[in-house]
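Here the structure is laid out as structure tokens; the discussion comes afterwards.
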Amino acid sequence: MAQFHCRWRNVLICVCSPCICLALLFIYATIMVCIRMGSTASSWAAEKNHFVASGTFTNNSFAPLPKTFWEFHLHGDAFWNNLQQVTDRHFNPILHPNDHKRGLGKSTSDESPLRQSFSAVINLDSTKRNFEKLPQQIQEFVSHMQKRDYPTITQPDGVCGAGAKDEKEPPLLLLAIKTTELNFKNRQAIRQTWGQVGWVAGQKTNSSRGEEGGGYVRRVFLLGKENTEELGVDLSDLVQLESKRYGDIIQWDFKDTFYNLTLKDVLFWSWFSRSCGRTRFVFKGDDDVFVNTPKMITYLQEQLKKPKAYKTMKDFMVGDVIGAAMPNRVNKSKYFVPDSFYKGFYPTYAGGGGVVYSGQLTKRLHNMSKKVHLFPIDDVYVGMCMIRLKVHPVHHPAFLTFDFPGKEEQELCSYHRILLVHKRSPHQVVKLWDHMNKTQTQCWDVPLKTVGESKNKPKTL
Ligand SMILES: *[C@@H]1O[C@H](CO)[C@@H](O)[C@H](O)[C@H]1NC(C)=O
Ligand SMILES: *[C@@H]1O[C@H](CO)[C@@H](O)[C@H](O)[C@H]1NC(C)=O
Ligand SMILES: *[C@@H]1O[C@H](CO)[C@@H](O)[C@H](O)[C@H]1NC(C)=O
Ligand SMILES: *[C@@H]1O[C@H](CO)[C@@H](O)[C@H](O)[C@H]1NC(C)=O
Ligand SMILES: *[C@@H]1O[C@H](CO)[C@@H](O)[C@H](O)[C@H]1NC(C)=O
Ligand SMILES: *[C@@H]1O[C@H](CO)[C@@H](O)[C@H](O)[C@H]1NC(C)=O
């Protein structure tokens with residue numbers, strides 16, 4: 001009996017000790033891996049720069065994120081995809097674990113990663129061969145797409161837009177409106193109506209009855225330079241006067257063309273990060289929209305009151321969200337992008353006329369824009385930066401990019417139910433503002449449009 005026990009003990013020892021050794025080895029390895037990942041993760045966190053490992057992306061249709069992070073096949077002759085792929089590889093912390101910081105901050109001078117990848121791709125034989133085939137306008141875009149450091153001609157005096165007077169708390173909302181030198185009438189209409197600055201009362205709702213909500217609003221217009229020769233007149237002096245009078249103009253020294261609109265976003269983000277640190281939200285829109293500012297203010301304050309708002313605000317963007325749009329391949333269209341320039345779906349983006357995002361997200365977009373090549377369509381470019389921040393814009397049906405459906409506009413309170421509608425002339429904007437005031441007593445408690453009401457939304461640009 002004793003012998004039997006002894007045998008069993010030997011067997012147990014023989015079998016178990018390797019197991020125990022292996023288990024210890026496994027635990028050791030796990031701990032080491034965790035420590036390693038922890039230290040890398042925390043250094044990323046400190047830098048607040050996320051990296052999207054492309055292999056984790058569930059939908060492969062979205063260019064230019066490759067299927068696997070090590071993929072090195074270039075995307076045929078799609079110029080932008082190739083360019084961005086080389087850049088993404090440069091910043092890929094898995095491929096370059098020890099120097100994922102390179103190229104950020106310090107080396108923004110001549111040899112920034114964007115410039116390096118540009119020279120690498122533009123000098124490829126295949127690129128040289130295809131370049132001539134790109135449409136003239138795209139060629140023009142490509143030949144200037146590396147340059148972003150355009151000088152500022154005029155800007156608000158050291159403050160974050162017009163409306164700083166008597167502020168008792170940080171501004172709730174900065175209205176940043178893309179306009180051109182010529183559109184003086186649009187700017188005047190906006191200044192008198194939905195773009196008024198200072199304290200703006202929210203639109204009371206049932207739930208906020210008795211509570212006087214509101215917030216401080218500021219305003220800035222974003223301009224490039226009109227082509228004086230084509231136009232036949234020089235409007236620079238008028239813009240200077242306007243800037244002195246209203247203090248709400250930022251003008252940069254680049255040609256105000258459709259393909260240069262992306263520059264306005266990028267340069268605005270940079271200016272915002274320097275001058276507007278405490279602003280809660282940014283509305284970025286066109287100068288031909290109508291915005292229901294009081295309702296917008298109430299809506300934004302509700303967002304701030306939500307539980308965990310302090311966490312979610314860093315990702316906050318809301319608008320008319322367009323998912324899985326294909327580039328427009330009709331060569332007569334203003335939005336035409338040939339597949340020799342860009343292949344694949346566009347990332348989800350908020351399009352058409354206006355979008356609201358948080359101040360925190362603005363600063364993150366500013367950082368991310370240093371890693372993403374300019375793209376000729378501004379809204380899509382924002383989407384490209386968003387996807388690399390791993391953030392999605394939220395859709396809200398009260399942003400009407402494609403106007404009211406059917407006869408809804410004729411209802412008395414229709415404009416009280418929306419936050420934004422696109423394509424309104426300065427004259428219409430003034431009339432609408434007046435109409436809003438007159439219908440105030442009847443319409444104060446109508447709720448905003450909700451999901452399910454808007455259908456058949458066109459899916460492409
Ligand atoms: C990717 O997105 C496109 C566009 O929405 C869709 O048609 C396709 O089915 C999606 N693919 C996957 C794998 O989800
Ligand atoms: C953008 O602006 C620059 C500077 O004025 C100009 O040289 C370039 O042609 C413009 N780009 C496009 C695509 O119009
Ligand atoms: C647009 O496409 C048509 C036919 O596909 C072609 O004949 C025409 O030259 C193109 N126009 C431009 C500006 O590329
Ligand atoms: C942006 O980058 C700078 C410099 O790398 C960093 O100090 C800052 O915290 C970043 N901001 C955000 C919001 O990520
Ligand atoms: C609305 O109209 C009244 C007079 O009818 C005027 O006193 C008030 O200032 C207007 N409010 C706005 C916001 O225009
Ligand atoms: C607000 O109250 C009015 C009645 O006073 C009601 O008709 C309306 O539906 C309410 N709106 C909401 C959003 O609850």
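Atoms within each ligand, like the ligands themselves, are counted from 1 in listed order.
Phe268 and Phe272 have tilted rings, their planes meeting at an angle from 30° to 60° on a 0 to 90° scale. Classified by interplanar angle (parallel below 30°, tilted 30° to 60°, perpendicular above 60°), the ring pair Tyr335/Phe258 is perpendicular.
Under the 3.5 Å distance criterion, with hydrogens and angles disregarded, a donor-acceptor pair is assigned to the side chains of Gln303 and Lys306. Counting only N and O atoms by type, the side chains of Asp256 and Thr180 include no donor and acceptor under 3.5 Å apart. Residues Lys225 and Ser236 bring a donor and an acceptor atom of their side chains to less than 3.5 Å of each other. Looking only at atom types and distance, the side chain of Ser119 has no donor-acceptor partner in the side chain of Arg115 under 3.5 Å away.
When heavy-atom distances to ligand 2 are checked against a 4.0 Å cut-off, Tyr259 comes that close only through its side chain, counted from C-beta outward. If you look at His144 next to ligand 2, the close heavy atoms, those under 4.0 Å, all belong to the side chain.
Ion pairing of Lys390 with Asp315 is absent here, as no side-chain N (NZ or NE/NH1/NH2) approaches a carboxylate O to less than 4.0 Å.
Using a 4.0 Å cut-off to heavy atoms of Glu140, the atoms of ligand 2 that qualify are 8 (C), 9 (O), 12 (C), 13 (C). Interface atoms of ligand 4 facing Arg364, defined by a heavy-atom separation under 4.0 Å, are 13 (C). For ligand 2, the atoms sitting less than 4.0 Å from at least one non-hydrogen atom of Phe254 are 2 (O), 4 (C), 5 (O), numbered in the order shown with element in parentheses. Set against the non-hydrogen atoms of Thr257, the atoms of ligand 2 under 4.0 Å away are 12 (C), 14 (O). Near Tyr150, with a cut-off below 4.0 Å to any heavy atom, the atoms of ligand 2 are 3 (C), 4 (C).
Scanning both residues, Leu263 and Lys147, for their nearest heavy atoms gives CD2-O, 3.8 Å.
The protein heavy-atom contact nearest to atom 5 (O) of ligand 2 is Lys255 N, 2.9 Å. Nearest protein heavy-atom neighbour of atom 10 (C) of ligand 2: Asn260 ND2, 2.6 Å.
Of the options Leu389, Asn367, Thr362, the smallest heavy-atom separation from atom 1 (C) of ligand 4 is shown by Asn367.
Taking only nitrogen or oxygen atoms, main chain and side chain alike, Asp253 does not reach within less than 3.5 Å of ligand 2.
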